[in-house]
Each structure stands twice: as C-alpha cells, then as structure tokens.
Undergrad: 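What follows is a structure written as structure tokens; I'll ask about it next.
Atoms within each ligand, like the ligands themselves, are counted from 1 in listed order. One is the number of the first residue; the rest follow in order along the sequence.
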Amino acid sequence: MSNYKICVLPGDGIGVDVVDAAIKVLDTVGFSNQVEYLYGDIGWEFWKTEGNPLPDRTIDLLKESNCALFGAITSKPKEEADAELDPRFKNKGLIYFSPIVKLRQLFDLYINLRPCKAYLGNPLNYRDDIDLVVFRENTEGLYSGVEWHPVPEAVMKAFIENHPRAKRFGDFALEDLAISTRIFTRKGVKRILKASMEYANEFGYKTVTVVEKPNVIRETSGLMVREARTLIKNYPSLELWETNIDAMAMWLIKNPQDYGLLVTSNMFGDIISDEAAQLVGGLGFARSGNIGDNMAVFEPTHGSAPKYVGQNKVNPIATILAAKMMLDWLNEKEMAQQVEQAVAEVIKEGNARTYDMGGNTSTTGMADAICSRIEKS
Ligand code: NAI
Ligand code: MG
C-alpha cells in the first residue's frame with residue numbers, strides 16, 4: 001500500500017531530465033516503494049496545444065496529492081506565446097500565465113524556502129562555510145499584481161485625496177503614470193515570520209535576520225520588522241537581527257558565513273535568494289520549496305535551459321536536493337539525511353562532476369553516482 005501520493009510535474013526541456021534523475025534517487029533510497037507517483041501535464045507544450053499551461057486535470061491531480069515535485073517550464077514573451085498557440089485557440093482572448101505563479105496562489109503556498117549550503121569540495125563554492133536559508137514571502141508584496149498603467153482616474157483621485165505625497169503626481173497625464181503596489185497583510189507577514197522562526201529552531205540556526213528597509217519603506221517594511229520583534233519573544237534561543245536589503249546584498253558577499261536564516265518579503269527574497277544561491281554553486285545547486293499549510297511544491301530554481309534539451313548534460317543536484325527537501329517536509333527525515341549525505345560525499349570525492357562543475361559527467365551519470373553512494377551507505 002502506498003503511504004503517499006506525489007504529483008510529479010517534469011514540465012519542459014531539461015525539467016524532464018532532472019526530474020528523472022531525482023526519481024531514480026528516490027527509488028534507490030527506498031521512498032518510491034511507498035509512493036504512488038501521479039504524473040501531471042504542465043508547461044509550454046500545453047499552452048501551445050491546449051491554450052492552458054496548467055490544465056484542470058493537473059490541478060485535480062495536485063489536489064489528490066500530498067505534495068509535488070516540479071521540474072521546469074518554458075515561458076516566452078506575449079508575441080511568441082500568441083504566435084505558437086494552436087490555430088484552434090487563436091483570437092479567443094487566451095493569455096499566457098506562469099503556471100508556477102498560479103500554483104503558488106491556488107494552493108496558498110506562502111513560503112518560498114531556499115536553502116543555500118556550501119558542500120565541501122564543490123569547485124563553485126564562494127566559501128566552504130556557508131549554510132544559510134532564505135524564507136521569502138510568496139503571495140503578496142510587490143508581486144501581488146495589483147498595478148496600473150495607465151492609472152485609472154478614480155485610483156489617482158483616491159491617492160491624491162488621501163496622501164499628501166501623491167499630490168505632485170497629479171500634474172501628469174494618466175498614461176504617463178504607472179503604479180505597482182506593495183501590499184503587506186499582517187496575516188501574511190506573521191505567517192512567514194513564524195514559519196522562518198520555527199524552521200530556525202528545528203534545524204538549529206541561531207539567528208533570524210529580517211531583511212527589509214523600514215527606514216524608507218516605513219509602512220510595509222515597518223510592519224514586518226515590528227511583527228518580527230514581537231514574535232521572536234516566543235523563541236528564546238533565537239537572536240533577531242535586522243538588516244536593510246541593500247546592506248544585506250553587500251554583507252552576503254562580504255561575510256555570508258555569519259548568517260543563518262534570512263526572512264523577507266516577495267521581491268527582496270527573490271533577489272537575495274538568487275545572490276545567496278550563486279555563492280554556493282548557482283543554478284545547478286539552487287532548489288526551493290513552495291510551501292503552504294497543507295501543500296507544497298518542490299523544485300530546482302532553474303528553468304528549462306532550451307539549449308541543453310535532449311543532451312543529458314545538466315546538473316541534477318538542484319532537483320535531487322529539492323526531493324530531499326520534500327522528504328524532510330513529509331517527515332521522512334532518515335531518507336532525507338541519506339540523500340543529502342550521498343550528494344555531499346559525491347561532491348567531496350569530485351569524481352563525478354557535471355559540465356557546470358568543470359567536468360563531463362552526464363545528468364544520468366551524476367544520478368548514478370549519488371545512487372551508488374546511497375547503496376553503499
Ligand atoms: P535557465 O535556468 O533555463 O538556464 C540558464 C542557463 O543556466 C542555462 O543555459 C545553463 O547554462 C544554466 N543552467 C540551468 N540549469 C542548469 C543545471 N541544472 N545545470 C547546469 N546548468 C544549468 O534560464 P533561462 O535560459 O533564462 O530560461 C529558459 C526558459 O526557462 C525560459 O523559457 C524561462 O522562462 C524558463 N524559466 C523557468 C523557470 C521555472 O520553471 N521555474 C525558472 C526560470 C526560467
Ligand atoms: Mg527569481
């Protein structure tokens with residue numbers, strides 16, 4: 001009998017190769033014996049052929065599943081999206097949307113968790129002693145999509161009537177104004193802060209750094225920092241650090257080893273997590289979890305890398321470590337530990353290295369190397 005239903009969404013391009021590699025590792029560690037994998041359709045192919053990159057049948061599969069492992073999708077600008085759409089769906093007002101962004105909203109996956117850890121022996125490490133985790137708010141802030149161009153008259157009027165600093169924009173023509181909002185809710189702020197502090201506690205991080213800019217963005221960043229100061233009182237073993245986003249970008253280069261857990265809003269988290277990931281090997285190693293209260297989607301953060309399609313060449317470690325995060329989330333700690341240990345040992349030995357690490361091991365070759373470490377352990 002299977003204990004879990006896992007939705008597997010390989011997606012486009014190299015998404016297929018890296019997800020295959022991760023499933024191979026999950027087979028070897030003994031996870032697949034207790035799992036029913038539900039393979040789902042997602043991505044550009046389904047936009048082209050059905051006018052929908054996230055078909056309803058995939059959403060149904062996700063609803064049946066405990067969580068999902070996602071590879072990568074291709075997305076292209078508006079003109080290409082229209083041009084490649086099957087003629088049957090043209091001129092029907094269909095608009096391409098990012099299926100991964102939609103998944104985050106649909107399942108309220110409010111945490112974007114990105115561990116950035118230096119594995120010893122990785123030639124791409126900036127330093128060997130980095131072990132930090134970024135918690136990025138995933139559903140609100142500057143990426144909520146509440147924005148206007150041109151700005152509707154009623155909106156502009158409301159701004160001018162209600163905010164003294166909006167007056168100076170009143171002289172502009174509405175088509176010469178663009179507004180993107182940065183909306184925080186107390187609920188949104190509290191739940192990401194709480195999740196980050198719980199995680200720091202569970203995984204032994206000593207500090208939680210709230211990364212905002214409350215001296216300038218006084219209301220939204222201010223709300224986040226004030227809530228952090230209140231919540232941290234529930235975690236006596238944790239220390240709260242407050243760092244402005246611009247300074248954080250610098251400190252991450254200067255002394256990333258000093259940081260444990262970083263928690264921040266949507267756009268700041270997007271940027272800072274890419275920077276942090278690059279310090280420990282970049283796209284071949286960067287993985288993330290989109291996590292809600294009852295659902296989660298784990299993925300490498302890279303895209304479909306069209307230039308490497310069909311070459312069995314890219315690094316599967318990001319996806320294998322995303323699968324490890326999935327095991328942790330399912331509370332399969334022992335298997336999670338075995339996978340991570342095997343990855344760490346293979347990197348340390350240095351015999352198997354994909355092209356980004358300066359070697360010529362293939363995607364399947366890297367998966368095989370990790371599987372044989374697991375078999376030996
Ligand atoms: P990309 O992440 O697909 O690739 C950029 C470059 O990074 C590749 O050409 C390759 O040199 C390197 N790279 C990526 N993954 C690697 C791996 N596992 N091992 C070694 N090297 C790796 O980003 P790009 O080229 O900007 O986008 C390609 C497509 O992917 C676009 O259609 C884009 O919209 C989509 N995309 C999808 C994402 C997702 O599904 N979450 C995220 C980012 C981009
Ligand atoms: Mg990003």
Undergrad: Going by a strict under-4.0 Å cutoff (protein heavy atoms only), does atom 9 (O) of ligand 1 have a neighbour on the protein?
TA: yes

Undergrad: Is there a protein heavy atom less than 4.0 Å away from atom 26 (O) of ligand 1?
TA: no

Undergrad: Mind checking whether Phe172 and Phe169 have parallel, tilted or perpendicular rings, split at 30° and 60°?
TA: tilted

Undergrad: Is it the side chain, the backbone, both or neither of Asp356 that has a heavy atom closer than 4.0 Å to ligand 1?
TA: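 The side chain, only.
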
Undergrad: Quick check on the 6.0 Å ring-centre criterion: do Tyr119 and Phe285 meet it?
TA: no

Undergrad: Compare all side-chain heavy atoms of Ile14 with those of His302 and state whether any distance is below 4.5 angstrom.
TA: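 Yes, their side chains come closer than 4.5 Å.
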
Undergrad: What do you think, any protein heavy atom under 4.0 angstrom from atom 32 (O) of ligand 1?
TA: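 Within 4.0 Å: yes, protein heavy atom nearby.
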
Undergrad: Taking all non-hydrogen atoms of both residues into account, name the closest pair between Ala72 and Ser304 and its distance.
TA: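 Ala72 and Ser304 have their closest heavy atoms at CB-N, 3.7 Å.
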
Undergrad: Below a 4.0 angstrom heavy-atom separation, can you tell me which part of Thr319, side chain or backbone, both or neither, approaches ligand 1?
TA: neither

Undergrad: Using a heavy-atom cut-off of under 4.0 Å, does the side chain or the backbone of Ala318 touch ligand 1, or both, or neither?
TA: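 Contact part for Ala318 vs ligand 1: neither.
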
Undergrad: Are any of the N/O atoms on Ser75, whether in the backbone or the side chain, positioned under 3.5 angstrom from an N/O atom of ligand 1?
TA: yes

Undergrad: Write out the residue and atom name of the closest protein heavy atom to atom 19 (N) of ligand 1, then the distance separating them to 0.1 Å.
TA: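 Protein heavy atom with the smallest distance to atom 19 (N) of ligand 1: Asn315 N, 3.0 Å.
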
Undergrad: Just to confirm my output: which protein heavy-atom neighbour is closest to atom 36 (N) of ligand 1, and how far is it?
TA: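 The closest one turns out to be Gly303 CA, 3.4 Å.
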
Undergrad: Below 4.0 Å from ligand 1: does a non-hydrogen atom of Trp44 turn up there or not?
TA: no

Undergrad: Taking heavy atoms and a distance under 4.0 Å, where does Glu299 meet ligand 1: side chain, backbone, both or neither?
TA: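 The answer is the side chain of Glu299.
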
